[in-house]
Number of protein chains: 2
Amino acid sequence: MERRNEISIGTLANRTGLAVSAIRYYETQGLVAPERNAGGQRRFIRSDIRRLSFVMIAQKFGFTLDRIREVLGRLPQNRTPNAKDWTEISQDFRAELDEQIEALTRLRDKLDGCIGCGCLSLDRCALYNPDDVAAQKGAGPRYLMGDQATRPED
Amino acid sequence: MERRNEISIGTLANRTGLAVSAIRYYETQGLVAPERNAGGQRRFIRSDIRRLSFVMIAQKFGFTLDRIREVLGRLPQNRTPNAKDWTEISQDFRAELDEQIEALTRLRDKLDGCIGCGCLSLDRCALYNPDDVAAQKGAGPRYLMGDQATRPED
DNA sequence: ATAATTCCTAAAGCTAACTTTACCTCAAGC
DNA sequence: GCTTGAGGTAAAGTTAGCTTTAGGAATTAT
């Protein structure tokens, strides 16, 4: 039986639209920390619905699970987060989002300059400056361009 | 020996800043198609420097290699692409970029509404509408939120 | 009481975009 | 002419974010 304020993983999955396997995965990543009942099954609490909803929204914005875990860490540990708590972390969030949008916009404007000059070659091209759009994902080092450029005519 | 307009993979790597292994990988993905010399070594042409530069820039903007391959397909096959060719595909590119920025901005505005109401729960929340920020990457289905939501008080 | 669900864990698989490793060949320098 | 560096291939490894599979155990429904 599901007691008031205790929900099973299946119910949580239905309420959030997440797959059960995704929720289990999120637990391994420290995004939720359900208790267990006598039989070893996960027992979530109702506020976990909002917590996972936040995770999903944050992902839409392009944040990684690592980053989301950090942000969630700012919620109070000793009590169930209330609306004000969520509002606060959403605001921090918004600031980061604004930066992302600006970085992308700056990059676009540089592209405009390059469309004008038709360059798209190494040297001189503003697009080769690495100081934009932080999030490099995937494995391995990403080499930044422009450093060994020599012959501008290619 | 490296004849005028024929360059080795190592030279190309130096000129673009890419790793040799990355260039080989790009070949498997159909982003460059070097010829081979008698000994079986790849011989690129100078315009491949610009081609790969374009790939790197496009990646900065968040395009996938698949998408980049499509765009590169619009370049003329029968001759070396000139500045005008590059300008044209850069412009298409810019249009997509604009859309991305707008989608992100719309999403941010929705977040503003949600900061106001402090909701962040299923139902009613504008953030749960799936019609934004196209690029879902990674494997498997991504479940879209909001469909089974029932109890708004969580 | 028994069948049908739901849940559990551990391990392997998948995609993107590469890198690393292992092992072999070609090309350049002295 | 031989050593060394640059190149080549194929296969496996890496990260993120999950899903799938396999094989049990706990719940729920009848």
Side-chain angles (χ1 to χ4, degrees), chain A residues 1-3 6-32 34-44 52 55-70 134-145, chain B residues 1-3 6-32 34-44 52 55-70 134-145:
Chain A
M1 30 131 145
E2 252 177 41
R3 284 187 296 187
E6 277 195 357
I7 61 184
S8 71
I9 196 169
T11 304
L12 184 55
N14 281 332
R15 296 296 303 276
T16 57
L18 285 166
V20 166
S21 61
I23 298 175
R24 292 205 189 99
Y25 176 70
Y26 289 160
E27 184 183 359
T28 72
Q29 301 306 296
L31 296 171
V32 261
E35 312 227 302
R36 301 294 178 123
N37 71 2
Q41 300 196 345
R42 294 171 179 82
R43 291 300 130 177
F44 295 87
L52 289 190
V55 172
M56 296 171 86
I57 292 172
Q59 281 196 291
K60 274 197 173 186
F61 284 109
F63 292 92
T64 64
L65 295 185
D66 273 7
R67 188 79 195 80
I68 297 171
R69 177 160 25 69
E70 280 178 32
Q136 293 294 15
K137 37 213 149 145
R142 299 303 176 100
Y143 299 82
L144 292 170
M145 316 179 219
Chain B
M1 28 134 144
E2 251 176 44
R3 285 188 293 189
E6 277 195 358
I7 62 184
S8 70
I9 196 169
T11 305
L12 184 55
N14 281 332
R15 296 294 302 277
T16 57
L18 285 165
V20 167
S21 61
I23 298 176
R24 291 205 191 99
Y25 176 71
Y26 289 160
E27 184 184 357
T28 72
Q29 301 306 298
L31 296 171
V32 260
E35 311 227 303
R36 302 295 178 119
N37 69 4
Q41 301 195 345
R42 293 170 179 83
R43 291 299 133 177
F44 295 86
L52 289 189
V55 172
M56 296 170 86
I57 292 172
Q59 281 197 291
K60 271 198 174 184
F61 285 110
F63 291 91
T64 63
L65 295 186
D66 273 7
R67 188 79 194 78
I68 297 170
R69 178 162 23 70
E70 280 179 30
Q136 293 294 15
K137 31 204 152 158
R142 298 304 176 99
Y143 298 82
L144 293 170
M145 318 180 218

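Below, chains carry the letters A, B, ... as their sequence lines are ordered, and counting in each starts from 1. Please read these numbers as outputs of a predicted model, since none were measured by experiment.
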Exercise. For A:Q29 and B:G10, take the nucleotide of DNA chain D holding the closest heavy atom to each; which residue's nucleotide lies nearer the 5' end?
Worked result: B:G10

Seminar exercise, completed: For B:E70, the side chain to side chain contact (heavy atoms under 4.5 Å, CB included) test, sequence neighbours excluded, returns B:R67

For this session: Write down the distance between CE (A:M56) and C1' (D:dC18), rounded to a whole number of angstrom.
Result: 13 Å

Exercise. If each of A:A38 and A:Y25 is mapped to the nucleotide of DNA chain D with the nearest heavy atom, which maps nearer the 5' terminus, i.e. the 5' end?
Worked result: A:Y25

Exercise. Over how many whole Å does the gap from A:I23 atom CD1 to D:dG17 atom P extend?
Worked result: 17 Å

Exercise. Where do B:I9 and B:R43 land on the side-chain contact (heavy atoms from CB on, under 4.5 Å) test, with the steps shown first?
Worked result: CA-CA 7 Å; B:I9 196 169; B:R43 291 299 133 177; over 6 Å; no

For this session: Write down the distance between CD1 (B:I7) and P (D:dG7), rounded to a whole number of angstrom.
Result: 11 Å

Problem set entry | Stepwise side-chain contact (heavy atoms from CB on, under 4.5 Å) check, B:Y25 with B:L31 | CA-CA 9 Å; B:Y25 176 71; B:L31 296 171; over 6 Å; no

For this session: Whole angstrom is fine here: how far is it from CG in B:N37 over to P in C:dC26?
Result: 10 Å

List, with names and distances, any nitrogen or oxygen atoms from the protein found under 3.5 Å away from nitrogen or oxygen atoms belonging to nucleotides 8-11 of chain D.
residue	atom	partner	partner atom	Å
D:dG8	OP1	B:R42	N	2.7
D:dG8	OP1	B:R42	NH1	3.0
D:dG8	OP2	B:R24	NE	3.2
D:dG8	OP2	B:R24	NH2	3.2
D:dG8	OP2	B:R42	NH1	3.2
D:dG8	O5'	B:R42	NH1	3.4
D:dT9	OP1	B:R36	NH1	3.0
D:dT9	OP1	B:R36	NH2	3.2
D:dT9	OP2	B:R42	NH1	3.1
D:dT9	OP2	B:R42	NH2	2.7

Exercise. To the nearest Å, how far apart are B:D66 CG and C:dT15 P?
Worked result: 12 Å

Problem set entry | Intermediate values then yes/no, salt bridge (Lys or Arg N to Asp or Glu O under 4.0 Å), A:R42 and A:E27 | CA-CA 10 Å; A:R42 294 171 179 82; A:E27 184 183 359; 2.4 Å; yes

For this session: Could you tell me whether a side-chain N or O of B:R69 sits under 3.5 Å from a main-chain N or O of B:Q29, the two making a donor and an acceptor?
Result: yes

For this session: Determine: side-chain N/O of B:S8 to OP1/OP2 of D:dA6, distance under 4.0 Å, yes or no.
Result: no

Exercise. How close or far is atom C1' of D:dG17 from atom CG of A:L52, stated in whole angstroms?
Worked result: 15 Å

Problem set entry | Protein-nucleotide distance (A:L65, atom CG; D:dT19, atom P), rounded to Å | 11 Å

For this session: Would you indicate, yes or no, if D:dC18 has its OP1 or OP2 atom less than 4.0 angstrom from a side-chain nitrogen or oxygen of A:Q59?
Result: yes

Problem set entry | Which nucleotide in D:dT19, C:dA17, D:dG7 has an atom nearest any side-chain atom of B:T64 | C:dA17

Problem set entry | Whole-Å distance separating the CZ atom of A:F44 from the C1' atom of C:dT6 | 14 Å

Problem set entry | Residue B:S21, side-chain heavy atoms: nucleotide from D:dT27, C:dT19, C:dC7 that is nearest | C:dT19

Exercise. Excluding sequence neighbours, so at least two apart, what forms ring pair (Phe, Tyr, Trp, His ring centres under 6.0 Å) with A:Y26?
Worked result: none

Exercise. Would a distance-only check, ignoring hydrogens and angles, find a side-chain to backbone donor-acceptor pair under 3.5 Å from B:T16 to B:L12?
Worked result: yes

